[in-house]
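Below is one structure, written out as structure tokens, with a few remarks after it.
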Amino acid sequence: MVIAFDVDGTLIDKNDRPREEVISLLMALARAEENIVVVWSGGGEDYARMWVERLMIGSFVSMTTVKTNPHLQVDLAIDDMEVKLGKFNLKV
């Protein structure tokens with residue numbers, strides 16, 4: 001399953017503080033061998049990568065990309081807003 005996490009408001013709050021409960025969810029989902037965890041952002045791939053490094057979650061993340069990458073089929077999109085970017089969408 002491909003699971004995509006947004007950065008702003010999802011992995012970090014509006015003050016750039018980590019949302020530990022969402023990061024814990026990311027790590028738990030990444031531990032399942034069949035899951036591919038993606039971190040994406042409307043701010044672009046470099047922005048997403050920067051936050052993966054800052055949050056020290058690189059070992060759990062398979063790739064970073066721009067949000068709504070047209071070449072990526074997402075099964076579950078996790079975001080702080082109502083989105084329709086995956087087959088299933090979860091607002092946190």
Side-chain angles (χ1 to χ4, degrees):
M1 178 183 309
V2 177
I3 306 165
F5 284 81
D6 181 46
V7 176
D8 290 332
T10 306
L11 292 176
I12 58 172
D13 67 17
K14 63 182 176 182
N15 297 310
D16 291 346
R17 289 185 303 239
R19 292 187 62 198
E20 297 297 339
E21 70 281 6
V22 178
I23 293 168
S24 293
L25 175 62
L26 180 150
M27 290 190 276
L29 291 171
R31 286 186 180 105
E33 287 185 31
E34 66 275 3
N35 291 337
I36 297 168
V37 173
V38 175
V39 172
W40 63 10
S41 175
E45 182 176 351
D46 291 339
Y47 183 77
R49 186 179 310 110
M50 176 193 73
W51 276 106
V52 165
E53 291 170 6
R54 283 187 184 178
L55 296 170
M56 296 183 285
I57 56 173
S59 63
F60 298 96
V61 175
S62 299
M63 70 178 286
T64 56
T65 187
V66 64
K67 193 172 185 178
T68 68
N69 180 335
H71 304 292
L72 182 63
Q73 297 291 325
V74 175
D75 297 300
L76 175 60
I78 300 176
D79 205 292
D80 66 310
M81 301 177 71
E82 299 274 338
V83 296
K84 294 186 186 210
L85 300 172
K87 293 177 187 170
F88 299 96
N89 301 279
L90 176 64
K91 181 180 175 184
V92 293

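Remember, predicted model here, so these are calculated numbers, not experimental data.
Listed by first then second residue, pairs satisfying salt bridge (charged side-chain N to carboxylate O under 4.0 Å, His left out) with a partner in residues 55-64 number zero, not counting sequence neighbours.
In this structure E21 satisfies the salt bridge (Lys or Arg N to Asp or Glu O under 4.0 Å) test together with R19, sequence neighbours excluded. Applying the salt bridge (Lys or Arg N to Asp or Glu O under 4.0 Å) test to R31 and every residue at least two apart in sequence or in another chain returns nothing. Residues forming a salt bridge (Lys or Arg N to Asp or Glu O under 4.0 Å) with D79 (at least two apart in sequence, or on another chain): K67.
To the nearest 0.5 angstrom, I23 atom CD1 is 11.0 Å from T10 atom OG1. To the nearest 0.5 Å, atoms CG (D6) and CD1 (I78) are separated by 10.5 Å. Taking CG from L29 and CD from E34, the interatomic distance works out to 10.0 Å, rounded to the nearest 0.5 Å.
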Residues 48-58 side chain polar contacts: donor-acceptor under 3.5 Å, at least two apart:
| unit_1 | atom_1 | unit_2 | atom_2 | d |
| --- | --- | --- | --- | --- |
| R49 | NH1 | D46 | OD1 | 2.9 |
| R49 | NH2 | E45 | OE2 | 2.8 |
| W51 | NE1 | Y47 | OH | 3.3 |

Donor-acceptor pairs under 3.5 angstrom involving side-chain atoms of residues 84-92: please list them, not counting sequence neighbours.
| unit_1 | atom_1 | unit_2 | atom_2 | d |
| --- | --- | --- | --- | --- |
| K87 | NZ | D75 | OD1 | 3.2 |
| N89 | OD1 | L85 | N | 2.9 |
| N89 | OD1 | G86 | N | 3.0 |
| N89 | ND2 | G86 | O | 3.1 |

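Under the side-chain contact (heavy atoms from CB on, under 4.5 Å) test applied with M63, the options V38, I36, V39 reduce to a single match, V38.
Scanning all heavy atoms of the two residues, the minimum distance from F60 to A30 falls at O-CB, 3.3 Å.
By the criterion of side-chain heavy atoms lying less than 4.5 angstrom apart, applied directly or through intervening Ile, Leu, Val, Met, Phe, Trp or Tyr residues, V61 is not grouped with V66; the two fall into different hydrophobic clusters. By the criterion of side-chain heavy atoms lying less than 4.5 angstrom apart, applied directly or through intervening Ile, Leu, Val, Met, Phe, Trp or Tyr residues, I12 is grouped together with I3 in one hydrophobic cluster. Hydrophobic clustering of Ile, Leu, Val, Met, Phe, Trp and Tyr side chains at less than 4.5 Å, counting indirect connections, keeps V2 apart from M27.
Between F5 and L25 the shortest side-chain heavy-atom distance falls below 4.5 Å.
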